[in-house]
Structure formats: C-alpha cells, structure tokens
Amino acid sequence: MRIELQKRPVPSKLFAVLSPFIALGLTLVAGAILFMALGKNPFDALYSFFIEPLTEVWSLHELTIKAAPLILIAVGLSVCYRSNNWNIGAEGQFIMGGIVGSLVPILMPDFQNWLTLPLMLVLGMAGGAAWGVIPAFLKTRFNTNEILVSLMLVYTAQLFLDWLARGVLRDPNGNNFPGSIRLTEAARLPEIMPSAGSAHYGILLAVIAAFAAWFMLRYTLNGFEVRVLGANPRAGRFAGFSQSRMVYFAFLLSGGLAGLAGICEVSGAIGQLRETISPGYGFTAIIVAFLGRLNPLGAIAAGFMLALTYLGGEAAQMTLGISDKVGRVFQGLLLFFVLGCDTLIHYQVRLVWRKAIAAVGGQA
Amino acid sequence: MPLLEIRGLTKVFGSLRACDGIDLTIAPGEIHALLGENGAGKSTLVKMLFGVLEPTAGTIDWKGQPVRIGSPREARATGIGMVFQHFSLFEALTVAENIALALDGNVAIDRIAEEARRLSDQYGLPLDPHAHVADLSVGERQRIEIVRTLLQNPELIILDEPTSVLTPQEADKLFETLEKLRGEGRSVLYISHRLEEVQRICDRATVLRHGKVTGACNPRAETPSSLARMMVGSEVASVSYGGAQAPGEVLVEVRKLNAPARTPFAVALRDIDLTVRAGEVIAIAGVAGNGQSELFDVLSGEVPVSDAESVRIAGVAAGSKGITARRLMGCSFVPEERHGHAAVPDMNLSGNLVLSRYASDRKTFLSGGWLDLINMGPVAAATKRISAAMDVRKSQEDPPAGSLSGGNLQKFIVGRELDRQPRVMVVNQPTWGVDAGAASRIRQALVDLAKSGSAVIVISQDLDEVFEISSRICVINEGRLSAPEPVASMTRERIGLLMGGFHDGTARGSAMPEASHAH
C-alpha cells in the first residue's frame, strides 16, 4: 500500500477554509501527546496553555501587546509572499526599526513635543525598510537568493543592537547594565486603557495596516500586480509589470511594517532600547502570515492565535514547571501542520493498494 | 519476418482521431523514418509503441507474435527502447547515477559506469560516466539518454526528433552511431521533419498527415519536393480571405532584427526582415521550435532588443520599447500559451481583462488618481461585451480563466485584444488546441480586423489556417525568416521545403555550422 497525491482539477474551496482549522486541531493533538510524554495530564496542560490566559483582563492586555507586532509584520509578509518574494528576515527589519526609531529620543532627550512620536514611527519604518531593501537590491542586481540574504541580515541586526545597547547608546547612569535611557512620556506609545492594563496603540496601527493592505490587494492596480506576478511571472511580463520593481515594493513594504512593529515595541511595550527587543516576533510572524492564508485580514486572527502561544509558554512555565520553549515547539508544530494541510487544497490524498505501473511521461 | 508490424493502429482522444488506422512495418537492421508535421500523430504513435498510451484499436506484432505493450517497462522487456525529445535527467547527479536511476532492478554504480564507458566507446558516444550532468552540453546529455537506452540491449530504438537540439557536428556524430547500430542488426525508428536528414540516413520512410499514413517510400528515391508534398498534403484549402483591397501604409517594419538565444533550448533570431501593411494578414509558417516564440517575444516587446531601429511600428522606432509602450502605440498581442502567459488561470475573466488592458484603457478601467483603483463596473461590462462578441461559453458570469475550455478561453483572449480595435495585432498559434468551431470564429475575426485597416501577423504551424487567412506567407526556420510570398503563388510543397530548411535547393542546416547553439 502507498499514499498517492492526486492533483485536483480545481483547488478545493472547502479545504481552503478548513485547512487552518485542521492544522490547529492536529497541533493540539500533537501537543497533547507531547505533554503526555512529559508526564503531565494533557487536558490540564492544554487548558493552562491555551485557555487560562484568556480568562483574565490583564492577560488579555498582554495578548494584545504580543499580537500587535505579530500582525503588523505578518501583514507585510502576506503581501510579500503573495508576490512570490520570500522575506525571512522580518526579525532583523523589526530590530532595525526599533533602533532607528528610538535614535531621536535617546540622542535628543530634550526634543519633546507632539512631533516626537510620529517622527519616531516614521523613522522606525524607514529603518526597517532600509534593512529590507538590501536583499531586494542584491536579488535584482546579482540574482542572489533573498531567503538567505534576508535571514543572514537578522543576525547582523541582532549583534548590531547588542553592540549599541552595551556600548554607544548605553545609559550613562544605568549602573553598567545594558540598555539605553528610559524613554520619556512624549516618546512613549500611549496605553489604550491605562486603568485596565498595559495594551498600547500598536494594535490599532496593526489593524489599520491589515485593512489597508487588504484594500490594496483587492481593489487597486498595485495589488493586482502583486497577485499576477505572484501567480504567473510570465503573465506578469506579458502584462508589462516589472519583476524587479515588485521585488523592491515587496521588501520595502514588509520591511517598513516590520520596522514599525519594532519601534512600537520599543516605544510601547518596553520603553527603552535593550540588547534584545524581540522574542522572535519576526520569525513567528511567518507562521502568522501562513496561518492567515496570506490574507492581511486573516493575519489579524492568526496574530492573536500565535500571541497565545507566547502567553501559554509563560503559563506552562509557571503552573506546569516546564520550559517556556514549549511555546516555540507549538509554533513549529503549527507551521508544520499549516503547510502540510495546504496540500489538501490542491491535492486529493488516495490510498493505493495495488502495485502501480511506473509511468514514463513523454512529451509531444 | 519483420521485426515490428502494426496494423490499423488507432488512438482516439474524445472526438479527435490522433492516429487513424496506421499500418507500419519495420525490418531488422533498418533505419525507418517517421515523417510528419506537428500534430500529424507521430508522437501519439510512438507513445503507443512504448507503452505510454494504450491504443484504441489495432494490433502490434513483434517478430510475428502479437504483443500488448502496457507500460514502458514492458516495452523495454520486449526489446524496444526510446530516447525522448525532452530529457529527463537530474542535473546534480553524475552520468552513471542518472543511468542507474532509469534501470529496472538494482545494479552497482561502478558496474554501470564501466558498462556505460564500454558502450560509449563502442558506439562513438564520448561520455565520462563520472561527470555531473549540469556541466554537460545538450548533445552530451542526449548521449546519456542514448547510452541509457542501449544498456537495455534493445532491438528497436525509437528516437524522437533527436537532432532538434543538436548542432550539425553533433548531429553528424549521432548519424555515425545510428549507422553502427544498424550494422549490428538493430532497427531504428527515427522521427523527424527534416527532409535532408531523412534522405541521408533512412532506408525507408512512413509519412503521416492528420493521423493517417499518406505515404511509405524509400526516401532516397524521392525528391525533397515529393516528400514535402506527402507531409503537408496537396489539397487546396478554401480561402475565405478577400485579398483584393490595396494594402495601405506600412505599420510594422522589421529590419535586420537579431536576437541571441537566451537559454540553451532557445533559438537565436537572425537577420529578420518583415514589412506588414495596413489591411493585410501576414502568416509566418514553420515547424515548432524554430524561433516562433522568440520572434513573438521580440515583436511584442516582452523581450526588447537593444537596436530600437530594428522594429518600427507605424514609422516609430520601437525595438527597445517594452510591451506596455507598444500597446499604447496601438498594438495587441496574443501569445501561444494561454495558461500562465496570455491569462492567469486562477484569476477570473475580468481580472484577465485588466491584465493586458489596464494601460491602454486607463481612462475607463482605473480611477482614484495615484491609488489606481480598478473600476469593477466598467471592467465587468467590457468582460460581458467581449464574451458576447466572441460567443465565449461559460458556466458563470465571471469564472476563473482556468475553468474555461481551451477554445473558449482562446476566444476570450483574442476578443480581449480585438475589443480595442488595435492597429497592429500579433498572434502566435491563434487556434492551437482549439476546437473547429472556435477556430473558425477566431480566424474570421482576424481577417475582419485586417479588412478594417489593421495589420495582422499570424504565427502558425497549421498550414490550412495559413492558407485560409493570410494574404502573404513566409516561413521561419532555425531563427531565419524567408521572404514573404503572396498566397496565390505559394504552394504547400514550397512551404514544406522552406520548413525543412531547403532554400533554393540547398539545405541551410549543414551550411551553417554555428547554428543557434551559442549557449
């Protein structure tokens, strides 16, 4: 017996909707097995991992804080991936956005007025976009692989941030601890409901970005160009669209949004530039983008889902006494199952019992 | 006793009889040519012999015994080997590893390498078993396929258009190998449309046309003209083109157009001259793979050339302009491949309308200033108008392009361009794989466009179509274009000769050693 994948004549609409949910279900099953192997009751473990964080107001605020950067980055990545460009380095663009955006309040602490925050956000986007343009330039100019280049630039950005936070940007009055001076009020992204919890306006930016990207993909010529070049580069050439212009566009947009997420994190959740500012948001956002079916609106729901794995990891550490790395395990499982389940959209799974005849395809 | 004898072999696809009652015998130790145009049924026939397709009717006798060949494995076990036109090799693996992959059963790599080396020496096919395929030329890759076939010790070897990818020198080497195989008493079924080669190496020839045998002969006793006549037929097509009106101004002028081959399998364009006037349909005939798609790309501007003067559209130098600029000059284009080139299969028809018209119809299709919003209303109206004008049959108002049948999608694609009333229209294989009803509608539309004062260039392999719609005909062969001749004085025989590379009695292929294989 063997398993055979047979291409469907048309992609299945049913499985296009179902596949993320099947993936979620399989992730839970795999997670239960994992917890059992660790000697924990799987139901208790899954409860404290996925349900408990949703039962208290403060942790819902935490969820929003984690979801905001994930959604912002994933929106950019969705557009980027739809155009058949593979930006894997959003983590680096996030970090550069955080660095460039926070230069103003750190280097000019006296510049405090209503312009400070907008300027920081714009500079943050510019920083992320600039970091994203490097793989785009190398791809269009030298035909390098954008996956590798963008990924490697993550480590460059991480080490650069580490150097800044321990070196030139370190707070002189910080008792030699790494990290910049704390940002003043004018440089902080305000909290939405300060009395209830610490969620900041980053989530609003994320939702606006998601709707704007969705609108662009659906109603504008630019979005049409993204879809055509992503689906059929040859048809795109026939339409007169430029492949290299699209590479730049995809990386500028996804880099810019990742950068915006970076400065929102520094200015909103953290309040200073530290030697690490991201628990892997840039990588997790890749999962968010795929779980959201590369649809910017889908990224909103998927962003909250993945944010939950961060909180669940912390909860698992506190109540179950297992490493919070288990959150990463769940993220990996989820991506694995999401990509696997997408096969069901284009293929039918068949079990073949007889020994099949080897077929040789000749061309006319 | 003949080695292989087939009788009444028939293959039906839907309503198409790709092979219709074919009789063919191959004697031991002969090189037998299978001649025919594209679509004549050659490939279908050999796929049935090699077990890839199952015959609808007819019998195959092998050494006098009836056999049923159900799979390529059974074909190989019978003693039939085949070298396909398109190779199936893994570039990252070595020659010996590639051979091992194709063998039935487990044999040690070292033994294969040794055997391959022995065979390649014996048959004059120089080949290093440990070389990586990626480093090899097209000719060397073909040798791997041949050695791979020879390892099975076949008595009949089928070669599908083997020289189409070879330089003349490589082809000469191949012919020597074939002579050696014949000397050992093996038989070869040699598929080709190149008359000169067939006359040079083949003992007998069977000619197919529209799925039927139209001739069986000794090619050396025939003239290229008589072979060409068998290949392309001599009946006169009904010409519906009223070519009486006086041609108008020059709308397309191509002068000394050269374009290098962009990939090893592409064809370089050489010194192409062509003038097309308002009110005429000019047809470019030729066998597939002689530079048609390369010429289309250059004419459409998908691949601009550096010399702007080499293509002039309505008097303006346009060779270096891109496809959008040429569309804005009033040109329309229909490429050969519908799925993924002329149309995006996953997008619905209205999206596919925007694909080629967003620039030329900017005023109606786009709004919102720099936002470039797509106006769904006018786009939907135009989609409806085109579908009605071309009688596009579809199940929903705006279905995905990929869900339409080939003929209906092609009608939509041609209609999308005609709807603009272009001054210049370039079409590559307008009715390839399209049913008869849709084909005649498309042809009539092209003729009507020319009558209304536009210039139309049709690149086509279908000679009936060429004669039916054009006012002048030229032939493309190995990237060169023959001088156009009026349809009244052009004969099928002459087209056959031009397609086979004969120009005024000389074969061009052998006179041009560097032919088109500059990598």
Side-chain angles (χ1 to χ4, degrees), chain A residues 7-13 15-16 81-84 143 211-246 249 253 293-295 342 345-346 352 354-364, chain B residues 38-39 42-44 46-47 50-53 70-75 82 84-86 88 102 104 160 288 297 300-303 322-328 333 335 337 339-347 351-352 354-359 362 365-366 368 371-374 376 400 402-403:
Chain A
K7 196 157 172 80
R8 295 177 193 270
V10 284
S12 160
K13 286 208 169 66
F15 278 103
Y81 296 166
R82 284 281 277 273
S83 74
N84 201 18
N143 201 22
F211 273 92
W214 170 79
F215 182 84
M216 186 226 25
L217 277 178
R218 196 174 162 90
Y219 294 110
T220 71
L221 185 67
N222 204 334
F224 179 76
E225 192 173 342
V226 169
R227 287 185 286 141
V228 168
L229 282 170
N232 288 107
R234 186 105 202 260
R237 198 178 75 180
F238 176 68
F241 296 144
S242 158
Q243 187 78 50
S244 52
R245 221 187 61 126
M246 181 53 61
F249 174 76
L253 182 78
R293 308 224 55 82
L294 302 186
N295 179 331
D342 277 3
I345 301 172
H346 297 284
V352 181
R354 70 191 171 85
K355 196 176 172 224
I357 296 161
V360 170
Q363 266 118 41
Chain B
N38 294 96
K42 293 171 298 185
S43 291
T44 307
V46 295
K47 279 182 190 170
F50 198 58
V52 179
L53 290 173
S71 72
R73 188 186 289 251
E74 284 176 45
M82 174 145 182
F84 284 97
Q85 187 180 3
H86 298 268
S88 41
D104 303 327
D160 191 1
D297 285 349
S300 71
E302 275 190 65
V303 181
I323 188 166
T324 305
R326 294 193 202 188
R327 283 197 178 110
L328 291 174
F333 309 99
E337 180 61 42
H339 293 124
H341 191 178
V344 181
D346 294 337
M347 273 190 182
N352 277 294
V354 176
L355 189 73
S356 75
R357 300 264 303 262
Y358 68 92
R362 189 175 188 90
F365 287 172
L366 298 179
L371 269 178
D372 278 342
L373 298 178
I374 297 171
M376 302 295 187
S403 71

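Below, each value reflects all heavy atoms present in this structure, side chains not excepted, and no hydrogens, waters or symmetry copies. The chains referred to below are lettered A, B, ... by the order of the sequence lines, with proteins before strands, and numbering in each begins at 1.
- Paired with A:N232 under the rule side-chain contact (heavy atoms from CB on, under 4.5 Å), one option of B:V344, B:D346, B:L355 passes, and it is B:V344.
- Contacts between B:R357 and chain A at a heavy-atom distance below 4.5 Å are absent for every atom of the residue.
- Of the listed residues B:D297, B:D372, B:L366, the one with more heavy-atom pairs under 4.5 angstrom with chain A than any other is B:D372.
- When the side-chain contact (heavy atoms from CB on, under 4.5 Å) test is applied to B:H339, the partners found at least two apart in sequence or on another chain are B:E337, B:P345, B:L409.
- Residues passing the side-chain contact (heavy atoms from CB on, under 4.5 Å) test with A:A212: none are found, sequence neighbours excluded.
- Annotation: side chain of A:R237 is in contact with side chain of B:V303 (closest heavy-atom distance under 4.5 Å).
- Only the side chain of A:F215 comes within contact range of chain B, with heavy atoms under 4.5 Å apart.
- Residues meeting the side-chain contact (heavy atoms from CB on, under 4.5 Å) test with A:N295, sequence neighbours left out: A:W214, A:L297.
- With a 4.5 angstrom heavy-atom cutoff, B:N352 does not touch chain A via any of its atoms.
- Heavy atoms of B:F333 lying under 4.5 Å from chain A belong to its backbone as well as its side chain.
- Between B:Y358 and A:A239, the shortest heavy-atom distance links the atoms OH-O, 2.8 Å.
- Listed by sequence position, A:R218, A:Y219, A:T220, A:L221, A:F224 are the residues of residues 216-226 of chain A in contact with chain B, using a 4.5 angstrom heavy-atom cutoff.
- With a threshold of 4.5 angstrom between heavy atoms, B:M376 approaches chain A through side-chain atoms but not through N, CA, C or O.
- In plain terms, the two heavy atoms of A:A235 and B:A343 that are nearest each other are CB-O, 4.4 Å.
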